[in-house]
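Reminder, nothing fancy here: chain letters follow the sequence lines and each chain counts from 1.
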Amino acid sequence: KQEVTQIPAALSVPEGENLVLNCSFTDSAIYNLQWFRQDPGKGLTSLLLIQSSQREQTSGRLNASLDKSSGRSTLYIAASQPGDSATYLCAVRPGIYNQGGKLIFGQGTELSVKP
Amino acid sequence: GAVVSQHPSRVICKSGTSVKIECRSLDFQATTMFWYRQFPKQSLMLMATSNEGSKATYEQGVEKDKFLINHASLTLSTLTVTSAHPEDSSFYICSASRQDNSPLHFGNGTRLTVT
C-alpha cells in the first residue's frame, strides 16, 4: 500500500531564506508526483507536476525533484517571501500505468515565512 | 483562473438533513472527477471516483448510501451528504483533470458544519 510522508510537519523561516520541503513515498511505482499549495480554509493550487520519467520541474522560484528509486521528492523554494506562507502538499498518482487520476497525499508541511 | 468550480464554499446544516455539493469543470469536459475529504490538520483522503454516466467508485470505508454521487454530465458532479451527523463535519474538495496525465485541478472546497 502506497504511503506518502512529508517532513517537516511545520517550518518557520525568515524572509529571504532558501528552503527545502521533503516528501517520501513507499512504492516507487508511481505515474507522477504533484506538489500543491493550500491556504487556510481554501482548496488546492497545483504548483508542479513531475511525470515518472522526469527528474525535476521548475516554475519561477520553485524547483521540484523526483528520485523514484529512493522514493523521494523535494520542493525547493528560493528567496522565500511572506506570501509563500501556506501548507504544501505532496501527492503521488500510484501505479505505473494511468489508473484514473486518484492521488495519495502526504500530511503536508505548514510553512510560515516571517517578514 | 479557476478551472474547477465548487459550490457552496460553506454550509451549515442541522443533523438529519441532506446537503448537496456541486463540482463543475469550467472550460473542459471531465469524464472523471474525484471527491476528497479533509479533517482539520490532516491531509486529503479520497472518498470516491465519480464517473460520467455510470456509478461512482467508492474507497474502502466510505458509505455509498450516505455519500451519494451523481455525475450526470461531462462538466458536473454532485456529492450529497445524506442524513448528516456532526461527525460528517469536514472540508470536502473535488478535483478533475483535462486529460489523463495532466495536473489535477481542485475546487476551492466546501466547509460543511453539521450542528
So does [X] have more than 12 non-hydrogen atoms from other groups sitting under 6.0 Å from [atom1]?
X	atom1	value
B/Arg111	CZ	yes
A/Arg61	CZ	yes
B/Lys66	NZ	yes

Below 4.5 Å, heavy-atom pairs only: which of A/Gln38, A/Gln6, A/Glu110, A/Gln107 has the largest tally toward chain B?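 Between A/Gln38, A/Gln6, A/Glu110, A/Gln107, the count favours A/Gln38.
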Are [X] and [Y] linked, directly or through other ILVMFWY residues, by side chains that come within less than 4.5 angstrom of each other?
X	Y	value
A/Val92	B/Met45	no
B/Trp35	B/Leu46	no
B/Val19	B/Leu79	yes
A/Ile50	A/Tyr76	no

Check whether any side-chain heavy atom of B/Tyr36 sits under 4.5 Å from a side-chain heavy atom of A/Leu103, and report yes or no.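 B/Tyr36 reaches A/Leu103 side chain to side chain.
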Out of curiosity, [X] [atom1] to [Y] [atom2], how far, rounded to the nearest 0.5 Å?
X	Y	atom1	atom2	value
A/Leu44	B/Gln38	CG	CD	7.0 Å
B/Leu44	A/Ile104	CG	CD1	12.5 Å
A/Phe36	B/Phe106	CZ	CZ	4.5 Å

Heavy-atom contact with chain B under 4.5 Å, split by part of A/Leu89: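 A/Leu89 touches chain B through side-chain heavy atoms alone.
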Is it the backbone or the side chain of B/Gln6 that comes under 4.5 Å from a heavy atom of chain A, or both, or neither?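 No part of it gets close to chain A.
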Name the region of B/Ile93, side chain, backbone, both or neither, that has any atom closer than 4.5 Å to a heavy atom of chain A.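 For B/Ile93, the contact with chain A is made by the side chain alone.
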Ignoring hydrogens and angles, tell me if any N or O in the side chain of B/Ser43 forms a donor-acceptor pair with the backbone of A/Gly106 under 3.5 Å.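 Answer holds: yes.
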